[in-house]
Amino acid sequence: MKTRRNFIKLSALGSAAFLTKSCFPSEKNTPSTTTSSKIVKPVVISTWNHGFQANEAAWKVLTTGGVSLDAVESGVRVTESDPNNMSVGLGGLPDRDGKVTLDACIMGSENNCGAVAFLQDIENPISVARKVMEKTKHVMLVGDGAKKFALDNGFKSTNLLTEKAKKAWEAWRIKSHYQPIINSENHDTIGMLALDNEGNLSGACTTSGMAYKLHGRVGDSPIIGAGLFVDNEVGAACATGVGEAVIRIAGSAIIVELMRNGMSPEAACKEAIHRIVKKHKDISGLQVGFIALNKNGEVGGYSVYKGFNYALYAHNKNKMVDAKHYKK
Ligand code: SD4
């Protein structure tokens with residue numbers, strides 16, 4: 001049943017000048033001015049090629065009566081547990097000291113959120129983040145404290161440094177050039193957003209962070225408002241790329257605010273990318289990508305450089321979409 005409160009919220013979204021009609025972003029680089037009256041749900045969207053497989057797991061939850069929070073957790077756990085993925089969870093590239101340190105956060109439709117950062121030896125940080133959210137009064141635990149909390153809550157200690165990642169680190173150490181490369185070949189952070197059949201939004205974001213980062217460095221991915229933000233009245237957004245640039249503009253929170261003020265998901269992501277570009281004198285190597293999903297089930301993405309893509313599952317179809325970008 002459509003409550004009055006929901007109706008007001010959706011009317012406000014529907015009358016916004018920038019909303020696109022289809023769940024799939026328009027091919028043109030400009031936001032459509034068509035208003036939308038039809039809500040698309042469920043929808044799940046996630047970053048990079050690895051999102052495709054993660055979406056499958058999330059979709060299963062969403063189409064068997066599950067809620068968006070369970071969907072995003074199940075979805076990104078697939079990527080975390082994949083030893084061949086070298087930027088998330090097990091098999092992630094280590095920091096410059098050879099330690100795999102993980103960052104993750106999760107946010108639900110009731111402003112509920114949890115996060116872990118600089119967590120070692122735990123394969124599924126997203127589930128630890130969810131436990132922080134559900135079992136403590138805190139939002140974020142880091143380092144040894146996060147690990148102790150995980151072990152106390154039944155998580156197993158696992159060596160996350162695979163032979164492949166160790167070899168890559170050893171090869172990097174020969175020159176030790178700190179040049180993190182973020183592109184589609186690296187398959188980077190997974191950020192996932194979902195809208196369930198009840199119309200509720202959730203998001204999850206998880207990463208091993210920048211390869212060969214300084215020991216102790218934490219990026220945007222576990223920071224609510226930077227790597228991920230969800231406001232169930234409006235929409236959700238998440239980020240991938242150079243975390244420092246995302247933190248500096250409170251990227252995901254800004255995108256949700258822009259959507260609240262009437263922008264389409266794609267236009268809001270584009271504006272946030274332009275803000276990053278404007279604030280940096282030199283954007284060489286500065287890849288950042290955002291994805292966003294609003295209450296109507298409309299999505300969008302945008303990046304600084306060409307090469308960022310996302311997986312979109314809607315209308316019973318999972319597909320890869322190349323994001324629009326600022327620069328080739
Ligand atoms: C970080 N944002 O640690 C992450 C890395 C990433 O695509 O997303 N790479 O800064």
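For clarity, every value in this text was computed on a predicted model and none was experimentally measured.
- For S221, there are no side-chain hydrogen bond (donor to acceptor under 3.5 Å, both in side chains) partners two or more places apart in sequence or in a different chain.
- Between F308 and W48, the ring-plane angle classifies as perpendicular under the 30° and 60° cut-offs.
- Under the 4.0 Å criterion applied to side-chain N and carboxylate O atoms, D144 and K148 are not assigned as salt-bridge partners.
- For the residue pair S46 / N55, a side-chain donor-acceptor distance below 3.5 Å is found, with atom types taken as modelled.
- Side-chain contact check for K324 versus K270: every heavy-atom pair is 4.5 Å or farther apart.
- A 4.5 Å side-chain heavy-atom check between K317 and L312 finds every atom pair outside the cut-off.
- The list of ring pair (Phe, Tyr, Trp, His ring centres under 6.0 Å) pairs with a residue in residues 244-287, not counting sequence neighbours, reads H274-Y326.
- Looking at E271 and R275, a side-chain N of the basic residue comes within less than 4.0 Å of a carboxylate O on the acidic one, giving a salt bridge.
- For the side-chain hydrogen bond (donor to acceptor under 3.5 Å, both in side chains) test with N124, the passing option among E80, R130, K156 is E80; the others fail.
- Contact check for T207 versus M210: no side-chain heavy atoms found under the 4.5 Å cut-off.
- Comment: E244 engages R217 in a salt bridge, judged by a side-chain N to carboxylate O separation of less than 4.0 angstrom.
- N112 is linked by a side chain to side chain contact (heavy atoms under 4.5 Å, CB included) to L69, E110, M133, counting only residues two or more places apart in sequence or in another chain.
- Side-chain contact annotation: N85 with S87, donor-acceptor N/O pair under 3.5 Å present.
- No hydrogens or angles considered: nothing links the side chains of K60 and S74 as a donor-acceptor pair under 3.5 Å.
- Side-chain N/O atoms of Q53 and T79 include no donor and acceptor closer than 3.5 Å.
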